[in-house]
Undergrad: 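For reference, the structure I am asking about is given below.
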Amino acid sequence: MAESEVQQHADADLTAAKAEVDALTIRVIELRDAYYERDEELVSDAEYDRMMRRLDELERMFPELQSQDSPTQTVGGRAATLFDPVTHAERMLSLDNVFSIDEFTAWAAKVERDSGRRVDYLCELKIDGLAINLRYENGRLTSAATRGDGVVGEDVTENVKFINGIPARLEGEGHPPLVEVRGEIFFPVEAFKALNAEQAAAGERVFANPRNAASGSLRQKSEGKNEAGLDLMHRRLSRLRMLVHGIGAWENPPVASQSETYALLKSWGLPTSEYFRVVKTAEAAVEFIEYYGEHRDSVSHEIDGIVIKVDELYLHEELGATSRAPRWAIAYKYPPEQVNTKLLDIVVSVGRTGRATPFAVMEPARVAGSVVRQATLHNQDVVKAKGVLIGDTVVLRKAGDVIPEVLGPVVELRDGTEREFVMPTNCPECGTPLAPAKEGDIDLRCPNSRSCPAQVRGRVEHVGSRGALDIEGLGEVGAAALTQPDYPEVPPLVTEAGLFALTLDDLVDIRVGVRDRETGLRTGRTETPYQRKRKKGDPEGHDGFVPSSAATKLLDEIEKAKTKELWRMLVALSIRHVGPVAARALANYFGSLDAIRAATREELAAVDGVGGIIADALIEWFAVDWHQEILEQWAAAGVQFATPGHPGPGAAASVDGPLAGLTVVATGSLEGFTREGALEAIIAAGGKAASSVSKKTDFVAAGPGAGSKLGKAEELGVRIIDAAQFALLLKEGPAALD
DNA sequence: CACCCTCGAGTTCA
DNA sequence: CTCGAGGGTG
């Protein structure tokens, strides 16, 4: 064969290989991103693995085809990939799952029947992470491997060394010559959020959930990375955590139960979970399951269920295992927090400040225990960034515990009928052209604050809200009835100025459209919420227009609101940046609305907690003529804009009390206190009632139902107290607690 | 110039 | 209850 011919063959091979490498690279990245970012498994692990190996093979044959950002060089794959295979000394079993309490009690009944006796159950949280097998030989960590298929896993020893809390050497004495410890590697929720925030800021991909982030981080390869890349990789690994939950092969262990095993592992310096509990009955195990079902967010890591194990080790042997899973343990899986649903439309709503917010309208879907139909999309940039089209199937989840969030589209399920969302140029409620408040703002606002129905309705509702004047009957529905009734044509309230002058006559003939309970759509019927309904057989009364109790109640509540504290009045006025905290500071300092109006920018900014911007916002607000009208009409109707007995402008008397100088956060339901009451009590005792936990927080008073704040407090080492201790603290100060 | 905090908005349920 | 945005403070 002539030399040129050989060259030609090689060229042809290279060209073909390049085409294959390119195609594989695109497909693998597509699948990888779907998996890590949207949690979708589009092909089996085996299929993915086959593609990765082929890509690796080609890149080895033609090194010139290997690019810096090839999937083989960056993050590894999802299952067994390019790490060296390791055979576990003892097969790593998985757990059988149950998905309901009934299935669980059936399992427990069978266990007790097979054991011939009552058994103790060890309940623990099922961490949503990656199973890991650590091999210690003579007390030294010699190998760390992922589960893989249970028999053979991947060797990730080098990466595991960078994870905090995994000892390279066991503490204490008497370790067996060879022991395999099983655990779970995971991203703590807080660290995960921080990671994704950094990834987003750097324009990198964000992970769909902590498990994928952990998986991606653990499978990073150091080859081909420069110093900065290595540093980043190590930093990311150091944020991972591990908890151990069992032991592999071990003859004649010196312990008799699973719980004693944990104590032993702990004494060796291995991290064990704080959340496990040994219970005597299946009913108690059910309580454990239900408790954490409601408190999933009070734990520093994600959990996808509860693992229940028979505690006694000799029963493990008796009960044995199937080929896949032991019979002495079961995983109770919580309902998924992510589901797919159809994005029917993207609609824009206008809030009380005029901000236009697009939100997703979806086919009702059950997520984490409730039915969701809507979720905010924040602004048009977020809609773009998420890449959702109207008509898409989207991934929906509950962020935190409550807030529905659209993660993104399932691109594979598109059929071409989807259309892009276009941000309207005009206010959907009043037609005024939308514009950014100031140049460069992403948010668009409706500038028609005086008469845009959405804004007036929003502000009226705000006046009645708990943080402002707390008027019962003046919520979303009441505000809509007063500002946008079907009848009369001129609504009782054109702006909030008329609120305190409302009379029964204004209310009785209000008609509002009835909405369907299920769909929220208008039914075409109307009703009169403030007119007494005539019962069947009740004689035709007078002229038919008799007020209902709702009407008198509402007017009574409005009357009571006229003399509420000055700070509540300030909040009710919807002045930019003036919420409960700033309003309290202003009210304390000035004592009356007149004094605030008369103050200069400098005098306003002298108040603790008020700066130049809030001062400007106040001055600008007072300068608007229809705002003055609100004040005049409210005052004429008897609204009190001063704190009786206040000495006048000046530094507010510093409050003395048991809590002087202390910052306290109240969360959950505290026995003996309402949410508001706890806040008031803290302030009355001279303390600062903060809304979020930080380093500066001195105490977190937590009751049942406490959410993430509790976790945050634990993380920061802030002292946590219960309702009884909280009451004591309020009365006698911090010294009484010790 | 970092934090840390408050504001404002959206959401759902008992 | 949570997030982003942006203000206030050390």
Side-chain angles (χ1 to χ4, degrees), chain A residues 189-190 193-194 196-197 200-201 294-298 347-362 364-379 381-382 385 396-406 436-438 440-443 445 454-455 458-459 461-462 465-468 475-476 520 570-571 574-586 604-618 663 665-669 675 679 688-697 702 704-712 716 718:
Chain A
V189 177
E190 290 292 323
K193 281 184 195 154
N196 261 359
E294 282 166 27
H295 296 86
R296 287 169 82 163
D297 293 316
S298 65
V347 181
V348 173
S349 74
V350 174
R352 83 173 152 106
T353 63
R355 201 169 95 176
T357 310
F359 64 94
V361 177
M362 290 161 292
R366 220 184 159 72
V367 202
S370 64
V371 176
V372 173
R373 314 162 202 275
Q374 294 184 21
T376 179
L377 292 167
H378 304 291
N379 59 49
D381 281 19
V382 173
L396 176 70
R397 75 155 173 193
K398 290 275 198 78
D401 200 15
V402 271
I403 314 295
E405 179 188 6
V406 173
K438 54 181 196 317
D441 267 10
I442 293 165
D443 291 339
R445 306 190 105 94
Q455 294 184 59
R459 287 200 305 269
E461 186 188 340
H462 176 67
S465 70
R466 259 216 294 269
E476 195 183 331
L570 288 172
V571 174
S574 285
I575 302 168
R576 277 282 252 166
H577 306 128
V578 179
V581 175
R584 271 195 161 96
L586 287 162
L604 290 167
V607 178
D608 197 22
V610 178
I613 285 147
I614 295 183
D616 286 341
L618 283 158
T663 301
V665 174
T667 181
S669 53
R675 190 167 288 280
L679 242 62
K688 199 161 141 40
S691 52
S692 55
V693 180
S694 70
K695 282 194 290 203
K696 288 190 186 164
T697 312
S708 63
K709 285 178 196 166
L710 194 57
K712 187 92 190 270
L716 294 173
V718 174

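All values below were derived from every heavy atom in this structure, side-chain atoms included, with hydrogens, water molecules and symmetry-related copies excluded.
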Undergrad: Which letter, B, S or -, goes with each nucleotide of nucleotides 5-10 of chain B from 5' to 3', with contact meaning a protein heavy atom under 4.0 Å?
TA: SBSSSB
Undergrad: Taking side chain to side chain contact (heavy atoms under 4.5 Å, CB included) as the test, write out the residues that go with A:A617, two or more places apart.
TA: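 A:R576, A:H577.
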Undergrad: Just jot down the side-chain hydrogen bond (donor to acceptor under 3.5 Å, both in side chains) partners of A:T353, sequence neighbours excluded, or say none.
TA: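 Applying side-chain hydrogen bond (donor to acceptor under 3.5 Å, both in side chains) to A:T353 gives A:R445.
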Undergrad: My understanding is that only residues two or more places apart in sequence, or in another chain, count here; which of them pass side-chain hydrogen bond (donor to acceptor under 3.5 Å, both in side chains) with A:S574?
TA: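 Result, side-chain hydrogen bond (donor to acceptor under 3.5 Å, both in side chains) vs A:S574: A:R352.
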Undergrad: Rounded to whole angstrom units, what separation is found between the CD1 atom of A:I614 and the C1' atom of C:dG8?
TA: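 Distance check: A:I614 CD1 to C:dG8 C1' gives 8 Å.
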Undergrad: Is there a side-chain contact between A:L604 and A:D616, using heavy atoms and a 4.5 Å cut-off?
TA: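 Not in contact.
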Undergrad: Does C:dC3 have OP1 or OP2 under 4.0 Å away from a side-chain N or O of A:K193?
TA: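 Result: yes.
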Undergrad: Just how far, in rounded Å, is P of B:dT11 from CD of A:E461?
TA: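 About 13 Å, once rounded to whole Å.
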Undergrad: Round to the nearest Å and state the distance from A:N379 atom CG to C:dA5 atom P.
TA: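 After rounding, the reported distance stands at 8 Å.
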Undergrad: With sequence neighbours left out, what residues match A:A468 under side chain to side chain contact (heavy atoms under 4.5 Å, CB included)?
TA: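 Expected list: A:S465, A:V571, A:A572.
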Undergrad: Under the rule for side chain to side chain contact (heavy atoms under 4.5 Å, CB included), what residues qualify as partners of A:Q374, not counting sequence neighbours?
TA: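 Only A:F359 meet the side chain to side chain contact (heavy atoms under 4.5 Å, CB included) criterion with A:Q374.
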